[in-house]
Amino acid sequence: MSLNLVSFQFYYLCMMHDIHINNSFTDALPQDPITENYTRQVTGAAYSLAQPLVFKNAQVIHVSKLAQELGFTDEEVQSLAFKNIVTGQEFPDGVAPYAMAYAGHQFGNWAGQLGDGRAINLFEMLHHDQRWALQLKGAGPTPYSRSGDGLAVLRSSIREHLCSEAMHHLGIPTTRSLSLSLSGDQVLRDMLYDGNAAHEKGAIVCRVAPSFIRFGNFEWAAAQGNPEYLKQLTDYTIKTFYSHITTTGKEAYLQFFKEVTARTLDTIIHWQRVGFVHGVMNTDNMSILGLTIDYGPYGWLEPYDHGWTPNTTDRQNKRYRYGAQPEIGLWNLLQLANALYELINDGPALEAILNDYKTNYQSQYLTMMQSKLGLQTSQENDQELIATLEHHLQLHETDMTLFFRELSLVEPQMDADKAFVTISMAFYDLENISEPHQWSWLEWLERYLKRLQLEQDALGMDGIAFAKAKQQQMNAINPKYVLRNYIAQMVIDDADRGDYTLLNDVYKMLQRPYDEQPEFDKWYDLRPKWARNKVGCSMLSCSS
């Protein structure tokens with residue numbers, strides 16, 4: 001296929017679906033003057049040009065429903081032009097792929113220049129007044145690849161593709177994944193960093209988001225010692241993604257920081273709600289739009305445990321454990337405040353916004369947990385009821401997803417013994433729960449049942465109507481299906497053998513995570529014993 005034909009097909013797709021190329025980031029911000037693609041230190045630039053590698057045997061193996069949202073028909077998704085775009089093989093004239101420059105704090109330490117080492121941005125497009133940036137992960141090296149090769153492997157690419165779409169359907173702000181492809185090449189990786197490197201199938205994910213700008217972009221700009229560049233980046237971000245901010249100067253930058261803080265908190269509250277653990281909340285992995293970004297060694301709580309981290313690199317200090325995510329979000333926002341300080345020059349004003357984060361977290365977390373328990377009103381002792389529950393959930397291995405879903409079946413008219421039987425499938429070792437632990441559960445359930453009766457009375461509903469309304473409310477916030485770590489690993493194992501049946505089935509399930517889906521009931525169960533310590537099912541490395 002000639003370049004002209006690819007260009008024709010691409011622009012045909014654009015015209016048919018009201019898609020317009022609009023590269024606002026590269027138009028507004030400074031480009032690295034060196035156009036050769038080799039690893040180096042870059043100064044004074046927001047991005048560097050970087051062409052994807054040519055993969056002659058690339059193969060698209062899955063396309064998400066995002067393609068339909070972007071206006072592509074099934075026939076167009078099957079076209080060679082579409083495949084060439086999402087695998088980085090050919091582009092129309094005027095498209096200049098690039099890698100973003102950014103810095104960041106990794107595991108609490110300043111890391112200096114980082115940048116898109118494994119991601120190449122293709123272009124931005126407007127579709128129905130919505131801006132979308134397309135980015136390939138695993139398509140080759142960039143000037144920011146450091147000692148890496150810029151490639152990705154199938155296992156990590158499957159995890160990112162499925163999870164970003166799963167999070168979207170859970171109602172959690174996130175980057176999206178348009179497609180998953182095999183590159184056709186083998187990639188050498190040391191999966192556990194233990195000296196046992198092996199070749200794996202290479203893969204490419206086409207990631208999509210309004211923008212991939214991170215906290216680290218602002219840290220990079222501040223570290224350059226160029227206030228004008230920092231101002232350019234901040235003004236561009238406000239104008240393009242926070243256009244409702246109409247003030248100027250210091251007031252605009254403060255409002256911008258306040259809204260980034262609110263969006264970040266909102267996303268983290270959602271993570272806590274469903275038991276998602278990001279695993280590597282470095283500042284370069286924090287979206288300036290409050291999206292969940294960079295799906296590396298993430299994981300889902302199976303046994304409820306505030307101290308659990310899925311990241312082998314974080315095993316010792318557990319900086320990014322589930323229970324610490326809200327605190328780390330605040331720490332990262334402090335680094336963003338430091339980066340923006342030169343534009344604002346008002347420490348107390350920035351500190352007030354950060355202090356609001358702490359207060360807002362407490363109130364939003366309480367509201368979220370009340371909703372998970374089926375409570376629409378507030379009572380004086382709710383906070384203590386929730387704290388006691390969280391303590392009990394960790395006394396004995398209790399599956400977070402199953403517990404809250406089964407709790408929706410508990411009604412005020414039950415006694416504590418029946419309520420305990422109702423939630424019993426959530427315990428990983430029901431037969432060996434000690435008598436004191438069982439009594440403590442019965443005591444909590446007794447309190448919960450009384451609280452439900454107060455709720456029913458406050459709402460003025462009869463028992464049947466209240467039970468139905470409560471279950472509907474709880475099932476709308478407590479998912480039945482999440483991308484459990486072992487399920488993702490089973491998909492990976494099958495896909496590595498060339499079987500994508502499970503990939504398609506799991507993707508279908510994850511599109512309706514709150515609904516009853518009887519055909520997928522086998523996935524509504526405890527993590528199997530074989531997955532407890534299996535690589536990929538319990539902890540993961542950053543290797544991809």
Side-chain angles (χ1 to χ4, degrees), residues 272-275 301-305 365-482 513-518 521-527:
Q272 304 304 101
R273 171 175 66 84
V274 300
L301 283 189
E302 286 165 333
Y304 186 88
D305 181 1
Y365 184 79
L366 175 60
T367 300
M368 180 270 289
M369 288 299 296
Q370 287 171 323
S371 295
K372 285 182 73 66
L373 292 175
L375 307 176
Q376 300 178 46
T377 66
S378 291
Q379 296 287 338
E380 183 179 352
N381 295 324
D382 283 354
Q383 198 158 7
E384 199 272 333
L385 181 74
I386 291 166
T388 304
L389 170 62
E390 291 175 332
H391 171 71
H392 282 43
L393 288 170
Q394 297 182 87
L395 280 177
H396 197 85
E397 282 194 325
T398 310
D399 191 280
M400 179 178 181
T401 301
L402 296 183
F403 173 81
F404 283 103
R405 194 75 180 192
E406 293 301 298
L407 194 66
S408 71
L409 301 173
V410 171
E411 302 174 9
Q413 293 73 25
M414 288 182 177
D415 59 31
D417 288 315
K418 185 174 182 180
F420 184 79
V421 172
T422 302
I423 64 169
S424 62
M425 74 169 292
F427 296 112
Y428 274 87
D429 191 6
L430 179 62
E431 294 181 359
N432 292 314
I433 293 181
S434 68
E435 188 171 334
H437 284 178
Q438 185 166 344
W439 277 110
S440 66
W441 265 114
L442 291 172
E443 181 183 8
W444 184 86
L445 286 166
E446 190 71 46
R447 293 176 57 196
Y448 178 60
L449 290 165
K450 291 179 180 178
R451 177 63 182 88
L452 289 182
Q453 188 63 62
L454 288 174
E455 185 77 3
Q456 180 181 329
D457 294 344
L459 296 176
M461 302 173 71
D462 63 42
I464 295 175
F466 175 76
K468 182 178 180 180
K470 168 183 168 292
Q471 185 176 7
Q472 288 178 342
Q473 178 205 330
M474 292 180 69
N475 287 353
I477 193 172
N478 296 314
K480 182 170 184 177
Y481 303 103
V482 296
Y514 300 100
D515 294 349
E516 297 294 333
Q517 301 182 69
D521 273 352
K522 67 180 179 179
W523 301 120
Y524 182 65
D525 203 351
L526 298 169
R527 175 199 62 204

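It should be emphasised that the depicted structure is a prediction, and the values quoted were computed from it without experimental measurement. Numbers here are sequence positions counted from 1.
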* Structure fact -> Hits for ring pair (Phe, Tyr, Trp, His ring centres under 6.0 Å) against Tyr365, two or more places apart or cross-chain, chain-then-number order -> Tyr361
* To do: Could you pull out all residues at least two apart from Phe420 that satisfy ring pair (Phe, Tyr, Trp, His ring centres under 6.0 Å)?
  => Phe427
Neighbour count above 12 (heavy atom, 6.0 Å) for [X] [atom1]:
X: Glu443; atom1: CD; value: no
X: Glu384; atom1: CD; value: yes
X: Gln473; atom1: CD; value: yes

Any [X] side-chain heavy atom under 4.5 Å of [Y] side chain:
X: Pro303; Y: Arg527; value: yes
X: Arg447; Y: Leu385; value: yes
X: Trp523; Y: Lys480; value: no
X: Lys470; Y: Glu455; value: no
X: Gln413; Y: Lys418; value: no

About how many Å separate [atom2] of [Y] and [atom1] of [X], when rounded to the nearest 0.5 Å?
X: Gln472; Y: Tyr514; atom1: CD; atom2: OH; result: 15.5 Å
X: Asp415; Y: Glu446; atom1: CG; atom2: CD; result: 8.0 Å
X: Leu389; Y: Gln394; atom1: CG; atom2: CD; result: 10.0 Å
X: Ser371; Y: Arg273; atom1: OG; atom2: CZ; result: 9.5 Å
X: Leu402; Y: Ile423; atom1: CG; atom2: CD1; result: 11.5 Å
X: Arg451; Y: Leu375; atom1: CZ; atom2: CG; result: 4.5 Å

* Worked verdict on Tyr428 versus Glu302 for side-chain contact (heavy atoms from CB on, under 4.5 Å) -> CA-CA 10 Å; Tyr428 274 87; Glu302 286 165 333; 3.5 Å; yes
Return the minimal non-hydrogen interatomic distance between [X] and [Y], and the atom names on each side.
X: Ser424; Y: Leu430; value: CB-CD2, 3.9 Å
X: Phe466; Y: Pro412; value: CE2-CG, 3.6 Å
X: Leu449; Y: Glu411; value: CD2-O, 3.1 Å
X: Gln456; Y: Gly463; value: NE2-N, 3.4 Å
X: Met400; Y: Leu301; value: SD-CD1, 3.9 Å
X: Leu526; Y: Ala426; value: CD2-O, 3.7 Å

* Would you say the side-chain atoms of Arg405 pair up with the backbone N or O of Asn475, donor to acceptor, closer than 3.5 Å? -> yes
Could you tell me which residues satisfy side-chain hydrogen bond (donor to acceptor under 3.5 Å, both in side chains) with [X], sequence neighbours excluded, listed by chain and number?
X: Glu380; answer: none
X: Asp457; answer: Gln453
X: Tyr448; answer: none

* To do: Take Tyr524 and Met425 through the side-chain contact (heavy atoms from CB on, under 4.5 Å) test and state the conclusion after the steps.
  => CA-CA 10 Å; Tyr524 182 65; Met425 74 169 292; 4.2 Å; yes
* Structure fact -> Sorted by chain and residue number, the side chain to side chain contact (heavy atoms under 4.5 Å, CB included) partners of Leu409 (sequence neighbours excluded) come out as Glu406, Thr422, Gln471
* To do: Going by the side-chain contact (heavy atoms from CB on, under 4.5 Å) test, name the single residue among Asn478, Asp382, Ile386 that passes it with Leu373.
  => Ile386
* Asked: Can you tell which of Ser434, Pro436, Ser440 makes a side-chain contact (heavy atoms from CB on, under 4.5 Å) with Leu395?
  -> Ser440
